[in-house]
Amino acid sequence: MNATYDVVIIGGGISGMMAAITLVGCGKKVAVVSKGDPVCCFSTGCVDVLADGENPLKGIGSLPEHHPYHLVGDKGIAEALGLFRGIMSAEGIPYVGDVHANRRVLTSLGRSKVTCLVPETMDFSDIDPHESLHILSFHKMKDFYPQYITSRYAKAAYSTFDAGVTTTVGIAERFEDSDFLDTFTTWMRGLAIQEERIAVPAVLGRGSSGAVYHRIGGECGRTVFEIPTLPPSMPGLRLFGGLKNAFLRRKGDLYWGRGIYSVEKLGNQIEAVTLTGPGRSTRVEGKAFILATGSFVSGGLQASRDAVMETVFNLPSYLPPGTRDAWFQDDFFAVGHEIEKAGIRVDASFRPLGTEIENLYVCGSILAFSEVMKYRCGHGMAIATGVAAAKACMGAYSGI
Amino acid sequence: MAFDFQHCIRCTVCVANCPVFKVDPAFPGPKQSGPDAERFRSDDEPSIDRWIRLCSQCKRCEVACPYGVNPAEIILREQTRYGERHFRPFAQRLFAHTYWVGIVSSLFAPVVNLLTPRTFVKKVLSLFGLSIAIPFPLYYFHTMDRSWRWKGSRNSRKKAVFFYGCFINYNRPDIGRGVRDLLASLGVRVVIPRQVCCGLPALGNGDLETARKFARKNARILAGYIDKGFDVIYTCTSCGLSLTRDYPGILDIADGKKVAENSYNLHEYILKLMDEEYIRPVFDPLRRRVAYHIPCHLRALGIGYPAARLFEKIPGLEVHILEDNCCGLAGSYGFKKRNEHTSTTLGADAARAIKAVDPDILVTDCGACKMQLGYFSGISACDPSEILKESLKVTDPGI
Ligand SMILES: Cc1cc2nc3c(=O)[nH]c(=O)nc-3n(C[C@H](O)[C@H](O)[C@H](O)COP(=O)(O)OP(=O)(O)OC[C@H]3O[C@@H](n4cnc5c(N)ncnc54)[C@H](O)[C@@H]3O)c2cc1C
Ligand code: SF4
Ligand code: SF4
C-alpha cells in the first residue's frame, strides 16, 4: 500500500528526527508527524551529554539504575553522537568536541555552561576569566547585553555595530547578505581590536553560519566564537533545520503542524494515526510507531492534580511514588525535582511497559527517569535513545 | 479558538519562523501581533494596530507553534476587524477583487498583456500603490470557464469536480486543462462547474463580507455536487486552505464543513486512488533534477507533501525539497508597494536556495510562488501536475 509507512514517528524533536534519519538511512519509508517545532529550537544548540565530571561517558555508569542511558550503553551513545556529527557536517553545520570530554561555553549571561558537542562557531568559546576578549555586539540588540559579560570578565571590552535591525532573527538574516557582511567586516577591521579573542552573539547567519564565521575569523586574524542568545536562538534553529533537511534529503515525509487526533488499533497493533485539523483529517498508516513527543514542555506528557498522562496513546506513565505531598518541593528550579522522573518506562528494546501494544517504541525526553535538568543530558539523551529506539524497532521488524 | 492566545508560552518559535519579521523591522512578528496583543484587544474597541496589515498570512507561525496558539488566525481576525474600520487603500481594494480583475483582464487579454509591461502603465500603477518589481502575470482569453467542462466517462466510479481557482483560470489555464485531462486519464469523471474566486484574496485584504459572498456561492455549488457523490479537487494550495479551513472557520458559511471534508489536493487524491487500488499507474522515467519549492500554504494544509510522494515513483527523477523559504509574494501581498522590499528580499532568498541545488526544473504548486520564483531564479516554474502528465504520457488536446 502506498500510504503505509514502515515507521511513523510522532514528535519531530531531536530524538524523533534522529530515529527518523537512522531509519531512512536503512532504506525504510518513514513519516514524521509533529504538532510543532521542538524544544531544541530554543536551546543553545550545544549537545549536553552528561554535565557532571570531565568525561560524560564515564559518568554514565554512576547514573541511577533506571536512567535511559543504560539502555544504550557507552558504546551506543558514542556511536549515536558520531552519527549525529556526520549528519550535521553533511548539512554544513559541523559540530566539534570530544564525546569523552566536557567543555564549557560562554553564555549571554556571562556565565559558562558545561556541555559536550558544540557547533563549530562555538569552538573557541571555552574562555578563562583572565583572557582578553572583545565582544562585537549590535546597536540596541534585544535581549543581549555585553555588560553581563564584561562585568564578569576583567579583560573584556565591547563595541556595537548598527545593523539597522535589533532582533536576533533580523540580524541573522542580514548576515545572509554579502554586502552587509562586507560592511560589517570593514567596520570590524576599523576597530583595530587588540584582544586575543572575539565573541559575537549568535547571529552569524541562518544557514550560512559556517561561511560567515570563517570569513569573520579570516578577516580579523583572531579566534572568533558565537555566544548563544536567549530565544530565538540561531544555533538551536540551525540544529533543528539541519536534522529536518537531512531527513527530507533522504526522502522522509513530514506532516508538520498537526497533533494526533485519534489512534486506530487492530488487536495489539497500532495501525494508523489521524491528524487533528479542520476538514477531512489526514490518516497516516504505519507498521511500527515511535513515540518521541517530549516531556511536559512539548506536551508529550501532561500533568493533572494526581496523575501524569501520556497524550497520544494514553500509555501508563510513571509518577514518583506516594501522594504529591510526599515529593512536593517548594523550589521547582532546585536541581533534581522528583517530577522530572515522570514519563514512560520501557523495556530493553524501548517498548513501553504495562501496555499490550506491540509495535510501539519510545525515545527522548518522554522516557521516565531521564531527569534531563538534573543530569543536563538533554540533546545527548535524545540523540542516543532516538538512534537506539530506531535500531530496536528495525531489529524487531526486520520484515518492514 | 478565541482563547487560544492564552496557551502561548512565549517560546518565540513562531517569531523565528516568520518571513516578514525577518526582513521588515516595522512588523512586530507573530507573537506580539498575535497572542501578546490579543489580550489587550476588545470587540468594543476599534482596532488600531496599523502594522497588522504587514502580516502576509503565510501561516508559517501557525505550523511552527507547538502549543496550538495559531497566531496567524488571531492576526487574520484582527486584519478583518481593522479592515472594517479603516480606509482600505486602492491596492487593497483592487486585490480583494482579483476575481473581477481576472474577468475583465482575460476578456481583453491581448490588450492587457500589451499594456502592463509598458513603462508608463507601470508608473501609473505604481502611483496607485502597486509594486512593479516583478512583471504582472499574463492573462488568457481561453480561460478555464471557457474550456471543455467535463471529461471522462459518465460511468466512472470516481467522480470529481475541479475547483481551479483564479490564477489557473486567468493566468495559467493550460495547467488547469492539464489537471482535467490527467484526472480523466486516471479514470475519474471530471466536471468543471461554474465557480467564483475562493474568497482568500478578499479575506487577506481585510474584506470579510466579500470573502463570505464568494464562499457562499462556491459552497452552494460544490455541496450540490458532493451530495451527488462527487469529490472536490483543488491544486492551488491557497484555494485548498480556504476551502478546508476558512469556509467552516472564519467565514463560517452554510455547508462549509461539508466542503472542507470532501476537498482533496490533487496529488493527495491520486495517492488515494492508488491506495484504494482504483488505479495502478505506470510511471515512465524522467531523467531530471527538480527543485521542489514547497508553498507555505501546502505546509499549512497539514497533508504532508503528496506530490513529492508521487515524484518518488518516477524513475530517474531527482527531487530536492525546499521548504524553508516563503516566496514572499504571498498572493497579492508582494504586489503592494508597501511590501515590495519584504517580498523581493524573500523572493531573492528563496531563489538562492533553489539555484543552490542547480536544478533542471523548478516545481511548485502555488501560482504566486511560480511567478515570483520563476522571476527571481530565472528558471521557469512548472506545476507538479505537469511532471505527472509527462511521466504518465497524458496528451493535452488543449480545449
Ligand atoms: C528551554 C530549554 C533549553 C534547553 N537547552 C538545552 C541545551 O542547550 N542543550 C541540551 O543538550 N539540552 C537542552 N535542553 C533539553 C533538551 O532540549 C531536550 O531534552 C531534548 O531536546 C528533547 O528532545 P525530544 O526529542 O525528546 O523532545 P522535544 O524536543 O520536546 O520534541 C517533541 C516534539 O513532539 C511534538 N509533539 C508533542 N506532542 C505531540 C503530539 N501529540 N502529536 C504530534 N507531535 C507532538 C512537539 O511539538 C515537539 O516537536 C533544553 C530544554 C529546555 C526546555
Ligand atoms: S504563539 Fe506559539 S510559537 Fe509563538 S511564542 Fe506563543 S507558544 Fe511560542
Ligand atoms: S502568517 Fe506568516 S507573515 Fe503572518 S505572522 Fe505568521 S509567519 Fe508572519
Side-chain angles (χ1 to χ4, degrees), chain A residues 1-4 12-13 29 31-39 41-42 143 164-170 172-174 176-177 206-208 230-234 236-237 240-241 244-245 248-249 251-259 275-282 284-285 294 297-299, chain B residues 9-18 21-25 29 59-60 62-69 240 243-249 257 259-264 268 271-272 274-275 277 299-305 308-310 312-313 319-324 345 348-349 352-353:
Chain A
M1 291 274 281
N2 292 295
T4 305
K29 195 77 200 107
V32 172
V33 177
S34 195
K35 197 168 61 154
D37 291 9
V39 175
C41 292
F42 39 97
D143 298 331
V165 279
T166 58
T167 61
T168 319
V169 177
E173 180 64 23
R174 290 282 168 113
E176 294 286 321
D177 172 4
R206 281 183 295 135
S208 329
L230 293 183
S233 157
M234 296 316 296
L237 293 163
F240 170 61
K244 190 193 67 180
N245 286 325
L248 284 174
R249 211 180 294 291
K251 308 271 171 262
D253 286 349
L254 290 180
Y255 294 81
W256 212 264
R258 293 286 153 87
L275 313 190
T276 54
R280 188 176 28 76
S281 14
T282 303
V284 186
E285 247 176 65
V297 64
S298 286
Chain B
I9 68 156
R10 308 199 148 52
C11 68
T12 73
V13 152
C14 56
V15 179
N17 277 274
C18 175
F21 180 77
K22 260 190 329 205
V23 297
D24 185 354
K59 317 270 189 196
R60 294 186 90 89
E62 160 199 323
V63 175
C65 174
Y67 304 103
V69 174
L243 295 176
T244 56
R245 172 91 66 89
D246 296 336
Y247 279 27
K257 197 159 173 286
V259 171
E261 283 171 356
N262 291 284
S263 298
Y264 294 83
E268 184 192 16
L271 282 168
K272 177 176 128 85
M274 288 165 71
D275 278 345
E277 297 186 348
R299 300 180 84 231
L301 279 163
I303 55 174
Y305 306 147
R309 291 177 57 201
L310 287 170
E312 278 166 29
K313 301 182 192 303
V319 182
H320 295 261
I321 292 188
L322 302 167
E323 61 136 39
D324 288 336
T345 314
D349 255 11
R352 218 177 304 139

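The analysis underlying the following values was restricted to heavy atoms, covering all of them including side chains, and did not include hydrogens, waters or symmetry mates. Quick note on labels: first sequence line is chain A, next is B, and so on, each numbered from 1.
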Do you know which of B:Lys257, B:Arg245, B:Glu312 has the most heavy-atom pairs with chain A at a distance under 4.5 angstrom?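 Among B:Lys257, B:Arg245, B:Glu312, the one with the most close pairs to chain A is B:Glu312.
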Least distance between heavy atoms, A:Pro232 atom then A:Thr168 atom: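 In this case the closest contact between A:Pro232 and A:Thr168 is O-CG2, 3.4 Å.
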If you count heavy-atom pairs under 4.5 Å with chain A, which of B:Cys11, B:Pro25, B:Gly29 comes out on top?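 Top count of heavy-atom pairs under 4.5 Å with chain A: B:Cys11.
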Part of A:Asp177 lying under 4.5 Å from any heavy atom of chain B: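 Neither; nothing under 4.5 Å.
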Nearest heavy-atom pair of B:Asn17 and B:Arg60: which atoms, and what distance?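 Heavy-atom minimum between the residues: O-CB, 3.6 Å.
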Taking the side chain from B:Tyr67 and the backbone from A:Val297, do they hold a donor-acceptor pair closer than 3.5 Å?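 Checked: pair present.
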Output the option from A:Arg249, A:Glu176, A:Arg258, A:Lys35 having the highest count of non-hydrogen pairs under 4.5 Å with chain B.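 Top option by heavy-atom pairs under 4.5 Å: A:Arg258.
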Given heavy-atom pairs under 4.5 angstrom as the criterion, report whether the side chain, backbone, both or neither of B:Tyr264 touches chain A.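 The answer is both parts of B:Tyr264.
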So what's closer than 4.5 Å to chain A heavy atoms on B:Asp24: side chain, backbone, both or neither?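 Nothing of B:Asp24, per the 4.5 Å heavy-atom cut-off to chain A.
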Please classify the contact of B:Leu322 with chain A as side chain, backbone, both or neither, using a heavy-atom distance under 4.5 Å.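 Contact with chain A is absent: no heavy atom of B:Leu322 under 4.5 Å.
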Option that, when pairs with chain B are counted at under 4.5 Å, heavy atom only, ranks first among A:Gly259, A:Gly170, A:Pro231: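 Highest number of pairs under 4.5 Å: A:Pro231.
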Heavy-atom contact with chain A under 4.5 Å, split by part of B:Cys65: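 Just its backbone gets close to chain A.
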Of the listed residues (B:Ile9, B:Ile321, B:Asp324, B:Thr345), which shares the most heavy-atom pairs with chain A below a 4.5 Å separation?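 Result: the option with the highest number of such pairs is B:Asp324.
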Set out, in order, the CA-CA distance, both residues' side-chain angles and the distance that settles side-chain contact (heavy atoms from CB on, under 4.5 Å) for B:Asp275 and A:Glu285, then state yes or no. CA-CA 11 Å; B:Asp275 278 345; A:Glu285 247 176 65; over 6 Å; no
Based on non-hydrogen pairs under 4.5 Å, which of A:Gly164, A:Gly36, A:Ser233 is most in contact with chain B?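 Most pairs with chain B among the choices: A:Gly36.
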For A:Val32 and A:Lys244, what are the C-alpha separation, side-chain angles and deciding distance, and is it a side-chain contact (heavy atoms from CB on, under 4.5 Å)? CA-CA 10 Å; A:Val32 172; A:Lys244 190 193 67 180; over 6 Å; no
Test side-chain contact (heavy atoms from CB on, under 4.5 Å) on A:Asp37 and A:Phe42 and set out the steps. CA-CA 10 Å; A:Asp37 291 9; A:Phe42 39 97; over 6 Å; no
Pick one of side chain, backbone, both or neither for B:Ala308, based on which atoms fall under 4.5 Å of a heavy atom in chain A.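 Nothing of B:Ala308, per the 4.5 Å heavy-atom cut-off to chain A.
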Which atom names give the shortest non-hydrogen contact between B:Val63 and B:Ala300, and what distance separates them?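 Closest heavy-atom pair between B:Val63 and B:Ala300: CG2-CA, 3.7 Å.
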Side chain, backbone, both or neither of B:Arg352 within contact of chain A (heavy atoms, under 4.5 Å):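 Just its side chain gets close to chain A.
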Looking at A:Lys29 and A:Lys251, would you say the former's side chain and the latter's main chain have a donor-acceptor pair under 3.5 Å?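 Checking the backbone N and O of A:Lys251 against the side chain of A:Lys29, a donor-acceptor pair under 3.5 Å is found.
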Could you tell me whether a side-chain N or O of A:Arg280 sits under 3.5 Å from a main-chain N or O of B:Ser263, the two making a donor and an acceptor?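 Yes: the side chain of A:Arg280 pairs with the backbone of B:Ser263.
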For chain A, the option from B:Lys59, B:Glu268, B:Glu62 that forms the most heavy-atom pairs under 4.5 Å: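 It is B:Glu268.
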Largest heavy-atom contact set with chain B, pairs under 4.5 Å, which of A:Thr166, A:Leu248, A:Leu275, A:Thr276: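 If we count pairs closer than 4.5 Å to chain B, A:Leu248 comes out on top.
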Is the backbone of B:Val15 close enough, under 3.5 Å, to the side chain of B:Thr12 for a donor and an acceptor to pair up by distance?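 Answer holds: no.
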